[in-house]
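Note sheet for the following structure.
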Amino acid sequence: MLWTLRSPRAWSLPCRPPRSFTSPHSTRLARFVSESAPKHPSFVEEVAKTRPVPSFAETVRKVPIRNQILFTIAGTVGALTIGAHLTNYDLFKWWAYLRASPQGGYDKSRPPTSEELARVKYFAYGRDLQTALASLKSAIDPLPETMKAMLTYSYVQVFQPILNATEGKRMCWAIGAVNCVVWLAWRVPRWGPVMMRSFAHNPLSGRSYTLFTSMFSHESFFHLLFNCMALASFGAAAGQQLMLQFKKVEQERGAVSEASPKWHLLALFISAGLFSGLVSHIGHVRWQYPRLIARLQAASAARTASTAGVKAITTTVAETAPGATTKAAKAASEGHFSLGSSGAIYALFALTALGFPDAEITLVIPPWWPINIQTGFYTLVAIDLLGVLRGWRYLDHFAHLGGALFGVFWYKYGAEIWYTIRVWDLPAAFYLHGHGTRLLTPEEVQSRRRS
């Protein structure tokens with residue numbers, strides 16, 4: 001065994017203590033290290049620390065606008081690109097449907113026109129509704145005759161206006177339905193903080209996605225009601241105007257048929273809503289809040305001077321400062337939250353007013369006499385300009401002006417932009433959805449331009 005190799009002499013020797021590796025300077029080094037090491041503050045010291053809280057003026061000066069600008073640009077490009085792709089998808093879908101249809105009345109050797117596509121969509125949707133009605137009748141056949149008649153009559157009364165409505169008006173109804181769902185979410189008390197944070201845009205929050213979500217958000221019932229009524233009125237007319245402008249561009253640059261303007265209208269609604277929200281964001285950060293800070297600082301300086309004994313300033317402050325200070329302080333404490341579809345609806349209003357200058361509108365409040373649409377549009381724009389200059393806070397006048405500006409821009413250049421995006425997307429849409437169809441050759445495009 002290995003233990004037998006040890007010498008017996010080692011058993012009798014006393015055990016030596018382990019050698020110490022300390023030096024005469026070890027005590028001094030330990031004291032130096034302990035004195036130079038940072039001391040961790042206690043819990044009481046951490047609680048007692050006073051951290052400077054940034055003032056309202058400092059917070060406003062640091063509000064960013066770059067992320068909001070980038071989000072608006074990306075959202076606008078994305079909405080227009082996706083809308084153009086869905087429009088091209090409709091084109092190839094109904095084109096293939098027409099080529100496979102045994103019914104006559106269509107020259108299958110050429111691409112269908114926009115009117116032919118709209119007509120076939122209308123009759124196909126009507127046949128689907130008739131099939132659903134037949135299924136409903138077979139399902140309610142065991143019921144009494146009175147119940148069957150009432151259910152059939154209700155079905156016809158609901159879906160007949162939907163069938164007769166244009167594609168643009170149906171899209172406006174769909175947007176209104178989304179607005180109603182979001183309004184119902186506001187009615188749930190437990191969701192209040194979430195809705196305020198995610199469906200109302202606050203320029204001081206730094207969030208960008210609320211520029212999109214806030215355009216479908218309405219907290220007040222009357223706000224929702226008026227916006228939905230205006231959307232149904234101007235949205236349908238704006239959809240017709242989009243079709244008319246697109247046909248003019250087709251005649252100049254070549255035919256690219258469009259089955260319906262609904263995706264164009266939705267892309268315009270989203271783009272205008274983002275742009276109007278961005279204008280509201282920049283307007284409040286760079287215009288409204290600095291004016292508010294200046295009013296508060298002026299009122300504070302005037303109050304300080306009055307306490308120093310300057311009688312003239314004291315008199316001025318006594319007459320003017322209290323009201324101005326109260327309003328400014330209230331505005332600073334409440335902040336600004338923007339929500340609603342008003343900016344996007346203003347764009348549709350501008351497009352309709354410029355496209356149909358002889359049309360007349362009737363107010364939903366007294367007086368009810370009809371007025372020219374352009375007169376009403378310019379009057380509302382003037383009121384919003386006055387609201388911006390006067391600092392009115394009941395409505396978001398910056399968003400209204402931004403939506404009106406976007407509508408004017410789209411009236412001038414929107415059809416050309418939409419046509420360019422659709423032509424750019426045609427190869428991709430044809431690759432994904434163009435089975436059974438073919439694209440126009442350059443010679444066919446030139447011949448259709450000459451014809």
Quick one: are [X] and [Y] in side-chain contact, heavy atoms under 4.5 Å?
{"X": "I270", "Y": "T76", "value": "no"}
{"X": "H218", "Y": "V182", "value": "no"}
{"X": "W263", "Y": "L266", "value": "yes"}
{"X": "S341", "Y": "F269", "value": "yes"}
{"X": "F71", "Y": "L278", "value": "no"}
{"X": "T81", "Y": "V77", "value": "yes"}
{"X": "I140", "Y": "T152", "value": "yes"}
{"X": "S271", "Y": "L80", "value": "yes"}

*asked:* I'd like to know whether E145 forms a salt bridge (Lys or Arg N to Asp or Glu O under 4.0 Å) with K148, so could you lay out the CA-CA distance, the side-chain angles of the two residues, the decisive distance to 0.1 Å, and finally the verdict.
replied: CA-CA 5 Å; E145 293 296 330; K148 291 193 294 185; 3.0 Å; yes
*So, for F398 and H284, is the gap between ring centers shorter than 6.0 Å?*
yes
_Ring centres under 6.0 angstrom apart (H264, W418)_ = yes
_Assess whether a salt bridge exists between R170 and E167, defined as any Lys/Arg side-chain N lying under 4.0 Å from an Asp/Glu carboxylate O._
yes
*asked:* Test: side chain to side chain donor-acceptor pair (under 3.5 Å). Region: residues 343-359. Which pairs qualify, not counting sequence neighbours?
replied: Y346-D384
*Quick one: side chain to side chain donor-acceptor pair (under 3.5 Å) pairs with a partner in residues 236-249, sequence neighbours left out?*
E115-K247
In terms of the angle between their ring planes, are [X] and [Y] parallel, tilted or perpendicular, with boundaries placed at 30° and 60°?
{"X": "W410", "Y": "F406", "answer": "parallel"}
{"X": "W95", "Y": "F92", "answer": "parallel"}
{"X": "F349", "Y": "F234", "answer": "parallel"}

Rounded to the nearest 0.5 Å, how far does [atom2] of [Y] lie from [atom1] of [X]?
{"X": "I69", "Y": "I282", "atom1": "CD1", "atom2": "CD1", "answer": "4.5 Å"}
{"X": "I421", "Y": "T87", "atom1": "CD1", "atom2": "OG1", "answer": "10.5 Å"}
{"X": "Y89", "Y": "H85", "atom1": "OH", "atom2": "NE2", "answer": "9.0 Å"}
{"X": "L351", "Y": "Y411", "atom1": "CG", "atom2": "OH", "answer": "8.0 Å"}

Distance-only donor-acceptor check, side chains [X] and [Y], under 3.5 Å:
{"X": "H201", "Y": "T210", "value": "yes"}
{"X": "W186", "Y": "S217", "value": "yes"}
{"X": "N227", "Y": "H223", "value": "yes"}
{"X": "D396", "Y": "S280", "value": "yes"}

_Would you say OH of Y209 has more than 12 non-hydrogen atoms from neighbouring residues, nucleotides or ligands within 6.0 angstrom?_
yes
*Would you find more than 12 non-hydrogen atoms of other residues, nucleotides or ligands less than 6.0 Å from K262 atom NZ?*
yes
*Does the S276 side chain pair with the main chain of G273, one donor and one acceptor, at a distance under 3.5 Å?*
yes
*Are the side chain of N164 and the backbone N or O of Q160 linked by a donor-acceptor pair below 3.5 Å?*
yes
*Nearest heavy-atom pair of A200 and L339: which atoms, and what distance?*
CA-CB, 4.5 Å
*Over all atoms of both residues, closest heavy-atom pair of Q68 and G206*: NE2-O, 3.5 Å
